[in-house]
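Below: one structure, written as structure tokens.
What's counted below: heavy atoms across the whole structure, side chains too, no hydrogens, waters or symmetry copies.
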Amino acid sequence: MTTMTDSSVREFKMPDVGEGLTEAEILKWYVQPGDTVTDGQVVCEVETAKAAVELPIPYDGVVRELHFPEGTTVDVGTSIIAVAVGDGAAAAAEPAQEAVADTPVTAEAEEPKPEGRQPVLVGYGVATSSTRRRPRKGGQAPAGAQEASAAVQAELNGHGPAEPAAPAAPAAPAAPVTGDRPLAKPPVRKLAKDLGVDLTTVVPSGPDGIITREDVHAAVTARSATPEPQAAPAPVTPAPSPAAAPTSYDTARETRVPVKGVRKATAAAMVGSAFTAPHVTEFVTVDVTRTMKLVEELKQDKEYAGLRVNPLLLIAKALLVAIRRNPDINASWDEAAQEIVVKHYVNLGIAAATPRGLIVPNIKDAHAQTLPQLAGSLGELVSTAREGKTSPAAMQGGTVTITNVGVFGVDTGTPILNPGESAILAVGAIKLQPWVHKGKVKPRQVTTLALSFDHRLVDGELGSKVLADVAAVLEQPKRLISWA
């Protein structure tokens, strides 16, 4: 056995990929012991409380050890992978490859741990399902679709079931790969994992052989259309008594999804906000017919060509105008200093529902942007969120938020404050309703707005003025000019 000096092994530690984040979950390893890596090569994908991020290795060498399996939550600063560099790389390559080849992949296989090192697991234990191994370079892709029960187990454990040691011939043309890894963005990989789809069996349709969300859904459809072998029916046994209830779950009757990543952070933040800041919510129903007409006119304006123009754009601008007229609403409560901190800038948060959960990226210094600039910023924010590329920094430092529940056909709601902010505006569905207009009942475009605010620093008068100003601008959008 070839020995290596400690100086030839570099330990790559979990970095702080956000602003002050303390932990991250390893979603996927893209390398295995014995693989050669180069400076800048992505070796794994991790999920923080803010975003999914791919981590590049900062040096050349050969992978000696992966310290944690997929699905493990690791503290920032903890070593996650050991790489032999320099003279030690050649010595590490052959033994490491032999060790990988000789190690069977079973559901009970455990990750080796360095002697004396304590596992850093926050909230979750070591995953009990198998460690997946990628096919060797030049080898065949693993077999196609998994059974439904295996897909559910993969969703619950955070990674798929064990693959057979010998790869089988693919059931469909394999996707082009770079090295051994199919080309797909992190949200698409997450979708495939949730649906139990092996990306190496998906035929890509995106540019440069990139697998899209549609390709994943097509693979699921194709899998459903393929008849599965019929197994003998299992004997029916009586349900156990509550005292003897097993720790497993009935996959045919319920699904348990671990609370982690964005959903875990969102839940903690909302509980903290709801039970820290005394919430007050006020409502107003407003005729937005003129605003809707202006939206259609702006869509035809050359200055807005290629920009996202919709009612949310004018609602956001109306809120910015209301904040300029009532600046004390744009503040936060400093509990430690017992001070109210009034912000002279507006970082406008937009709540966005994504496959990873609810996130609230914000537009920095939105108060200083013109309407076309705001349209561009909103379009970029939405596109980035949908692609799962929102950075942790984009979700830091918000001062006030808009949540558009109307896109789901909901009339209104009582939104919970984003932590550290004093107000959040909920926008309901815009519907054609009978409305008294100029003394006559006419069909008009109507919506309901709801403003929640922190009653420690925003009293009823201030909150009412802000909500009334937003409604007034949307009813008469010419006030965007007269109140500017």
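For R308 (side chain) and G376 (main-chain N/O), no donor-acceptor pair under 3.5 Å exists by modelled atom type. Judged by distance alone, the side chain of N330 and the main-chain N or O of Y345 form a donor-acceptor pair under 3.5 Å. Within the 3.5 Å criterion, the main-chain N or O of L320 finds no donor-acceptor partner in the side chain of H367. The backbone N or O of V458 lies less than 3.5 Å from a partner atom in the side chain of H455, making a donor-acceptor pair. Panel note: side chain D459, backbone L462; a donor-acceptor pair is recorded below 3.5 Å. Panel note: side chain N310, backbone L313; a donor-acceptor pair is recorded below 3.5 Å. At distances below 3.5 Å, not a single donor-acceptor pair connects side-chain atoms of N362 with backbone N or O atoms of N347. A donor-acceptor pair under 3.5 Å links the side-chain atoms of D334 to the main chain of A337, judged by distance alone. Proximity of a side-chain donor or acceptor of S383 to a complementary backbone N or O of G379 within less than 3.5 Å is detected.
Residues P69 and I26 approach most closely at O-CB, 4.2 Å, considering heavy atoms. Closest approach of G463 and E282 over heavy atoms only: C-OE1, 3.7 Å. Here the closest non-hydrogen pair linking A331 and I340 is CB-CG2, 4.1 Å. Considering all non-hydrogen atoms of both residues, L294 and P477 come closest at CD2-CB, 3.7 Å. Summarising the geometry of L374 relative to A366, their closest heavy-atom pair is CD1-CB, 4.3 Å, with the distance given to 0.1 Å. The minimum heavy-atom distance linking L183 with G209 is given by the pair CB-O, 3.7 Å.
Listed by chain and number, the residues in a side-chain hydrogen bond (donor to acceptor under 3.5 Å, both in side chains) with Q445 amount to none (sequence neighbours excluded). Considering only residues two or more places apart in sequence or on other chains, R444 meets the side-chain hydrogen bond (donor to acceptor under 3.5 Å, both in side chains) condition with D287, T289.
Remark: R325 qualifies as a cation-pi partner of W483 under the 6.0 Å distance and 45° angle criteria applied to the six-membered ring.
Atoms CG and CG, on L319 and L474 in that order, are 9.5 Å from each other to the nearest 0.5 Å. Rounding to the nearest 0.5 Å places CD of E47 at 15.0 Å from NZ of K28. Rounded to the nearest 0.5 angstrom, I430 CD1 and N404 CG are separated by 7.5 Å. Here the OG1 atom belonging to T291 is positioned 6.0 Å from the CG atom belonging to L314, to the nearest 0.5 angstrom. The CD1 atom of I81 sits 8.0 Å away from atom NE2 of H67, with the distance rounded to the nearest 0.5 Å. If you take CG on D39 and CD1 on I57, they are separated by 9.0 Å, rounding to the nearest 0.5 Å.
With respect to the salt-bridge test (charged N to carboxylate O, under 4.0 angstrom), the residues D411 and K431 qualify. Ion pairing between a basic and an acidic side chain is recognised when a charged N comes within 4.0 Å of a carboxylate O; K465 and E461 show such pairing. Electrostatic pairing of K293 and E296 does not count as a salt bridge here, judged by no charged N lying under 4.0 Å from a carboxylate O.
Counting heavy atoms from C-beta on, the side chains of E214 and S205 never come closer than 4.5 Å. No side-chain heavy atom of I424 sits less than 4.5 Å from a side-chain heavy atom of I402. The shortest distance between side-chain heavy atoms of W29 and C44 falls below 4.5 Å. Taking 4.5 Å as the limit, some side-chain heavy atom of I359 sits within range of a side-chain heavy atom of M395. For the pair V466/L451, a side-chain contact is recorded, criterion being any heavy-atom separation below 4.5 Å from C-beta on. Using a 4.5 Å cut-off on side-chain heavy atoms (C-beta onward), V360 and I350 make no contact. Side-chain contact between V31 and V37 is present, with at least one heavy-atom pair separated by less than 4.5 Å. Contact of the S79 side chain with the F12 side chain is not registered, since no non-hydrogen atoms from C-beta on lie closer than 4.5 Å.
A donor and an acceptor atom, one from each side chain of S377 and Q369, are located under 3.5 Å apart. If you check the side chains of T401 and E421, you find a donor sitting under 3.5 Å from an acceptor. For the 3.5 Å distance criterion, the side chains of T390 and T384 fail to qualify, holding no donor opposite an acceptor. Between the side chains of E335 and Q338, at least one donor N or O lies within less than 3.5 Å of an accepting N or O.
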Subject >> Intermediate values then yes/no, side-chain hydrogen bond (donor to acceptor under 3.5 Å, both in side chains), T212 and D215 >> reply: CA-CA 5 Å; T212 66; D215 298 334; 3.1 Å; yes
**OP:** Would you please test V436 and K442 for side-chain contact (heavy atoms from CB on, under 4.5 Å) and show each step?
**Re:** CA-CA 6 Å; V436 178; K442 296 182 178 181; over 6 Å; no
**OP:** In sequence, state the C-alpha distance, the side-chain angles, and the governing distance for T447 and T285, and then conclude on side-chain contact (heavy atoms from CB on, under 4.5 Å).
**Re:** CA-CA 6 Å; T447 190; T285 303; over 6 Å; no
Original post:
Going through the distances and angles, do Y30 and Q41 end up as a side-chain contact (heavy atoms from CB on, under 4.5 Å)?
Top reply: CA-CA 10 Å; Y30 298 137; Q41 177 181 340; over 6 Å; no
Subject >> Residue pair V446, V286: steps toward the side-chain contact (heavy atoms from CB on, under 4.5 Å) verdict >> reply: CA-CA 6 Å; V446 176; V286 57; over 6 Å; no
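With V427 as the partner, the side-chain contact (heavy atoms from CB on, under 4.5 Å) test is satisfied by one option alone out of T412, L449, V470: L449. Considering T403, T414, T281 as possible partners of S452, the one that fulfils the side-chain hydrogen bond (donor to acceptor under 3.5 Å, both in side chains) test is T281.
Enclosure of atom CD in Q476 by more than 12 non-hydrogen atoms of other residues, nucleotides or ligands within 6.0 angstrom is indicated.
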